[in-house]
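Notes for the one structure printed next.
Chain letters run A, B, ... following the sequence lines, proteins first, then strands; residues in each count from 1. In this text, all values refer to a predicted model and were calculated from it rather than measured experimentally.
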There are 2 protein chains.
Amino acid sequence: MVVHGFDEEAADRVFHALANATRRDILRRSFETDLSVSQLAEAYDMSFAAVQKHVAVLERAGLVSKENQGRERLVKAEAGKLLWARQALDDLEVTWRERVDQMSDLLAGDSGQ
Amino acid sequence: MVVHGFDEEAADRVFHALANATRRDILRRSFETDLSVSQLAEAYDMSFAAVQKHVAVLERAGLVSKENQGRERLVKAEAGKLLWARQALDDLEVTWRERVDQMSDLLAGDSGQ
DNA sequence: CTATAGTCCAACCGTATGGTTGTACATGGG
DNA sequence: CCCATGTACAACCATACGGTTGGACTATAG
């Protein structure tokens with residue numbers, strides 16, 4: 001039995017992976033087309049190894065996966081993980097949203113007061 | 001004229017702020033109730049200064065604001081910024097979503113082919 | 001088989017991060 | 001007025017991060 005509602009370390013990895021413009025761009029491109037690591041690397045003004053590291057961070061976060069295709073590795077975006085991240089964001093404000101909803105109900109004027 | 005669609009550095013700050021379990025917890029609590037920094041600090045097994053730093057990170061990201069109340073500073077969650085973050089997530093996969101929608105349309109069988 | 005394209009990994013480097021302690025300053029209570 | 005409370009900030013430390021270069025391995029092309 002875990003203390004928290006969901007895996008906090010997974011959230012750490014996911015949000016950390018998203019906290020970098022290069023990695024977000026890699027994600028965007030990966031959502032458009034499956035690209036090899038070297039194809040991705042061509043797009044940025046940094047070494048191949050640096051891009052490779054960024055892909056590794058995204059992979060550890062579960063935001064992309066790599067598919068072996070001959071000597072190339074195709075980077076595939078994982079849409080589900082992004083949805084999970086969105087849900088994690090929403091969960092941060094559930095109580096707030098509940099209270100806003102409650103207030104709306106009150107304003108709708110159903111309580112006797 | 002900016003190259004990117006939105007402020008990448010703001011995204012860096014927001015996602016980095018979210019990439020830490022303590023800060024996410026501070027955000028959750030702040031959404032429940034406005035709390036002073038020392039009230040927040042009581043909840044964690046670390047120094048007051050450490051919690052203060054976490055709040056500062058959240059503040060720089062625009063996820064919370066601080067309101068002077070006598071000698072205390074009340075930490076208030078900024079729901080709008082969280083919505084902005086959610087939108088930023090959605091934007092990462094727009095092209096993907098567009099393609100999925102297109103595919104749905106095709107399957108719905110309206111094109112003459 | 002050999003050469004090369006694609007990838008991975010380790011070592012290294014400067015800077016940022018997350019924590020600490022200590023000090024300074026403002027505010028409210030007795 | 002004086003003191004305790006709440007906050008801010010600087011200095012310091014270990015570790016993580018983002019980048020580099022170089023070396024090793026695998027698979028395809030000739």
Side-chain angles (χ1 to χ4, degrees), chain A residues 4 7-30 33-77, chain B residues 4 7-30 33-77:
Chain A
H4 318 291
D7 191 340
E8 295 283 352
E9 294 187 8
D12 286 359
R13 284 191 297 270
V14 168
F15 288 120
H16 170 249
L18 292 169
N20 177 282
T22 302
R23 285 194 293 263
R24 285 192 301 274
D25 196 66
I26 290 175
L27 250 195
R28 276 187 217 102
R29 288 174 193 264
S30 301
T33 322
D34 292 352
L35 292 165
S36 69
V37 182
S38 48
Q39 280 177 317
L40 280 168
E42 287 169 16
Y44 308 100
D45 187 26
M46 65 183 73
S47 68
F48 172 83
V51 175
Q52 195 183 239
K53 277 191 181 184
H54 282 306
V55 172
V57 170
L58 289 167
E59 196 180 13
R60 267 176 251 127
L63 286 163
V64 304
S65 61
K66 275 186 279 190
E67 188 174 304
N68 272 27
Q69 170 127 338
R71 60 181 160 190
E72 298 189 352
R73 269 72 163 176
L74 294 190
V75 177
K76 303 173 70 76
Chain B
H4 318 288
D7 188 340
E8 294 284 351
E9 294 186 10
D12 285 359
R13 283 192 298 271
V14 168
F15 288 121
H16 169 249
L18 292 169
N20 176 285
T22 301
R23 286 195 291 264
R24 286 191 301 274
D25 196 66
I26 290 175
L27 250 195
R28 274 187 219 104
R29 288 173 194 262
S30 301
T33 321
D34 292 352
L35 293 164
S36 70
V37 182
S38 48
Q39 281 177 317
L40 280 169
E42 288 169 16
Y44 308 100
D45 188 25
M46 64 183 75
S47 69
F48 172 82
V51 175
Q52 197 182 235
K53 277 191 181 182
H54 282 305
V55 172
V57 170
L58 288 166
E59 196 179 13
R60 264 177 252 127
L63 287 164
V64 303
S65 61
K66 274 187 279 191
E67 187 174 306
N68 273 24
Q69 171 127 338
R71 61 182 158 188
E72 299 189 350
R73 269 73 162 174
L74 294 190
V75 178
K76 304 172 71 75

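Within the 4.0 angstrom heavy-atom criterion, base atoms lie near B:Ser47. At the heavy-atom level, A:Ser36 lies under 4.0 Å from the strands shown only through sugar-phosphate atoms. Note on B:Glu72: only backbone sugar-phosphate atoms sit closer than 4.0 angstrom, heavy atoms only; bases stay farther off.
Side-chain contact between B:Asp25 and B:Arg29 is present, with at least one heavy-atom pair separated by less than 4.5 Å.
Between A:Arg73 and B:Ala19, the one whose closest nucleotide on DNA chain C sits nearer the 5' end is A:Arg73. Ranked by how close their nearest DNA chain D nucleotide is to the 5' end, B:Ala49 and A:Phe48 are led by B:Ala49.
For the pair A:Arg60 CZ and D:dG18 P, the computed distance is 10 Å after rounding to whole Å. Taking atom CG of A:Asn68 as the reference point, atom P of D:dC25 lies 18 Å away to the nearest angstrom. Rounded to whole angstrom, the span from the CG atom of A:Asp12 across to the C1' atom of D:dA16 amounts to 13 Å. In this structure, NZ of B:Lys53 is placed 9 Å from C1' of D:dC12, rounded to the nearest angstrom. The CG atom of B:Leu35 sits 14 Å away from the C1' atom of D:dG6 (whole-angstrom rounding). At whole-Å resolution of the value, CD in B:Gln52 and C1' in C:dA24 are 13 Å apart. Atom NE2 of B:His54 and atom C1' of C:dT17 are 10 Å apart (whole Å). Atom CG of A:Leu40 and atom P of C:dG6 are 13 Å apart (whole Å).
Between A:Thr22 and D:dG18, a side-chain N or O to OP1/OP2 separation shorter than 4.0 Å is absent. The phosphate of D:dA8 has OP1 or OP2 within less than 4.0 Å of a side-chain N or O from B:Lys66. Contact between the side-chain N/O atoms of A:Arg71 and the OP1/OP2 oxygens of C:dT4 is not found at any separation under 4.0 Å. Here B:His16 reaches the OP1 or OP2 of C:dG18: one of its side-chain N or O atoms lies under 4.0 Å away.
Scanning both residues, A:Ala17 and A:Leu63, for their nearest heavy atoms gives CB-CD1, 3.8 Å. Of all the heavy atoms in A:Ala41 and A:Phe48, the pair that sits closest is CB-CD1, 3.8 Å. Taking all atoms of both residues into account, the shortest heavy-atom contact from A:Val14 to A:Ala61 is CG2-O, 3.4 Å.
For A:Ser38, the side-chain atoms get nearest to C:dT7 when compared with the rest of D:dA8, C:dC8, C:dT7.
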Stepwise side chain to side chain contact (heavy atoms under 4.5 Å, CB included) test for A:His16 and A:Arg23: CA-CA 10 Å; A:His16 170 249; A:Arg23 285 194 293 263; 3.8 Å; yes

